[in-house]
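Quick notes on the structure that follows.
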Amino acid sequence: MATLESRERAQIIAFLRALDRKVGHRTTLYIIGGAAVTLAYAPDNRTSDIDVIGASEEVVANGGKDSELASEFGVYISPLDEITFSVPNGWKERCELQDLGLNKLVVKTADHYDIILGKIARLEPRDIEDINAIHEKHGMDMVLLLARLNDNLDEVKHSHGYRNNAKILFAMLGSPIDFKSGKAEF
């Protein structure tokens, strides 16, 4: 059974500690995706990119894909705009603070329900692996997940693909849904 000191998690933490020593200003990293899964929910999860919403230029310059730290640690900061994270409003307030012993970087990982909703947009095999890892380690309150899905009205109302992927995911998790009057229901 994995511990919270898996090789994958330790590698990301070592990278973040080195990045912490390089940056000059206190900044918050809002981490989503696979790296959030690795740091907070399933430590054996593997990823090479750390998806960060709103990463500063300094963070990207020191820890981005072409940085020295990326070469050294085999992971890198992948900056994303908030609009690319398909989740309901308030997600930043639901993030979990990760106490990694850093001085200038404040690391917050997305709530696991928000990560799952964000992965519905793409729902590729890697996303399904991440969702299954979260489900195995932490279980899932399907009523809460459904409520969060229905709070994600922009995606639910405007993206046929998102609705279809949501149906596939909920069926995989044993709680099939359908959409009626613009909302998902069991």
Side-chain angles (χ1 to χ4, degrees), residues 1-87 90-140 148 169:
M1 181 154 195
T3 67
L4 286 182
E5 291 308 318
S6 71
R7 187 176 72 84
E8 292 79 4
R9 186 174 190 277
Q11 182 179 12
I12 291 173
I13 292 171
F15 169 84
L16 290 171
R17 286 182 177 152
L19 181 60
D20 186 64
R21 290 188 294 274
K22 285 192 170 262
V23 296
H25 299 88
R26 188 165 174 83
T27 188
T28 300
L29 302 181
Y30 290 97
I31 299 177
I32 64 171
V37 174
T38 304
L39 285 172
Y41 305 109
D44 287 328
N45 188 53
R46 63 210 176 287
T47 187
S48 59
D49 64 335
I50 301 172
D51 294 329
V52 176
I53 301 288
S56 69
E57 289 181 19
E58 178 185 34
V59 166
V60 175
N62 285 295
K65 191 171 189 170
D66 297 324
S67 68
E68 288 179 23
L69 290 179
S71 295
E72 181 180 345
F73 290 94
V75 295
Y76 60 90
I77 297 293
S78 178
L80 299 172
D81 293 323
E82 188 167 351
I83 197 161
T84 62
F85 193 33
S86 303
V87 295
W91 70 272
K92 284 184 178 179
E93 290 78 21
R94 293 187 294 270
C95 285
E96 297 181 18
L97 178 65
Q98 299 297 312
D99 184 8
L100 304 176
L102 306 175
N103 296 312
K104 293 176 252 169
L105 296 178
V106 177
V107 175
K108 294 186 175 187
T109 53
D111 165 272
H112 65 285
Y113 293 101
D114 288 331
I115 292 171
I116 292 165
L117 291 177
K119 289 185 171 290
I120 289 174
R122 190 175 58 186
L123 205 60
E124 292 179 350
R126 178 74 185 123
D127 300 314
I128 293 169
E129 288 175 22
D130 288 345
I131 292 166
N132 284 333
I134 290 171
H135 186 57
E136 288 173 18
K137 301 282 183 182
H138 295 279
M140 235 176 282
R148 289 270 183 90
L169 177 66

I need the minimum non-hydrogen distance between [X] and [Y], along with the two atoms involved.
{"X": "Glu8", "Y": "Pro43", "answer": "CB-O, 3.7 Å"}
{"X": "Ala42", "Y": "Lys137", "answer": "CB-CG, 4.1 Å"}
{"X": "Lys22", "Y": "Leu69", "answer": "CD-CD1, 3.8 Å"}
{"X": "Gly34", "Y": "Asn45", "answer": "O-ND2, 2.8 Å"}
{"X": "Ala36", "Y": "Tyr41", "answer": "O-CD1, 3.7 Å"}
{"X": "Cys95", "Y": "Tyr30", "answer": "SG-CD2, 3.8 Å"}

Could you walk me through whether Ile32 and Leu80 pass the side-chain contact (heavy atoms from CB on, under 4.5 Å) check?
-> CA-CA 10 Å; Ile32 64 171; Leu80 299 172; 3.8 Å; yes

Kindly indicate, with the supporting measurements, whether the criterion side-chain contact (heavy atoms from CB on, under 4.5 Å) is fulfilled by Trp91 and Ile53.
-> CA-CA 11 Å; Trp91 70 272; Ile53 301 288; 3.7 Å; yes

Could you tell me the separation between the [atom1] atom of [X] and the [atom2] atom of [Y], rounded to the nearest 0.5 Å?
{"X": "Ser56", "Y": "Arg26", "atom1": "OG", "atom2": "CZ", "value": "13.5 Å"}
{"X": "Met140", "Y": "His135", "atom1": "CE", "atom2": "NE2", "value": "5.5 Å"}
{"X": "Ile31", "Y": "Asp49", "atom1": "CD1", "atom2": "CG", "value": "11.0 Å"}

Tell me, with the steps shown, if Glu124 and Arg126 meet salt bridge (charged side-chain N to carboxylate O under 4.0 Å, His left out).
-> CA-CA 5 Å; Glu124 292 179 350; Arg126 178 74 185 123; over 6 Å; no

Mark yes or no for whether [X], through its side chain, and [Y], through its backbone, hold a donor-acceptor pair below 3.5 Å.
{"X": "Glu58", "Y": "Gly24", "result": "yes"}
{"X": "Asn132", "Y": "Glu129", "result": "no"}
{"X": "Glu82", "Y": "Gly54", "result": "no"}
{"X": "Arg9", "Y": "Leu39", "result": "yes"}
{"X": "Tyr113", "Y": "Arg148", "result": "no"}
{"X": "Asp111", "Y": "Asp114", "result": "yes"}

Heavy-atom side-chain proximity of [X] to [Y] below 4.5 angstrom:
{"X": "Asp51", "Y": "Ser78", "result": "yes"}
{"X": "Ile50", "Y": "Phe15", "result": "yes"}
{"X": "Leu123", "Y": "Ile131", "result": "yes"}
{"X": "Leu105", "Y": "Thr27", "result": "yes"}
{"X": "Leu102", "Y": "Arg17", "result": "yes"}

Checking side-chain contact (heavy atoms from CB on, under 4.5 Å) for the pair Val37/Thr47: CA distance, chi angles, key distance, verdict?
-> CA-CA 9 Å; Val37 174; Thr47 187; over 6 Å; no

Is there a donor-acceptor contact under 3.5 Å linking the side chains of Arg21 and Asn62?
-> no

Check whether more than 12 heavy atoms from other residues, nucleotides or ligands sit under 6.0 Å from atom CD of Glu57, and answer yes or no.
-> no

Which is it for Ile12 and Leu16 under the side-chain contact (heavy atoms from CB on, under 4.5 Å) test, yes or no, and what are the steps along the way?
-> CA-CA 6 Å; Ile12 291 173; Leu16 290 171; 3.9 Å; yes

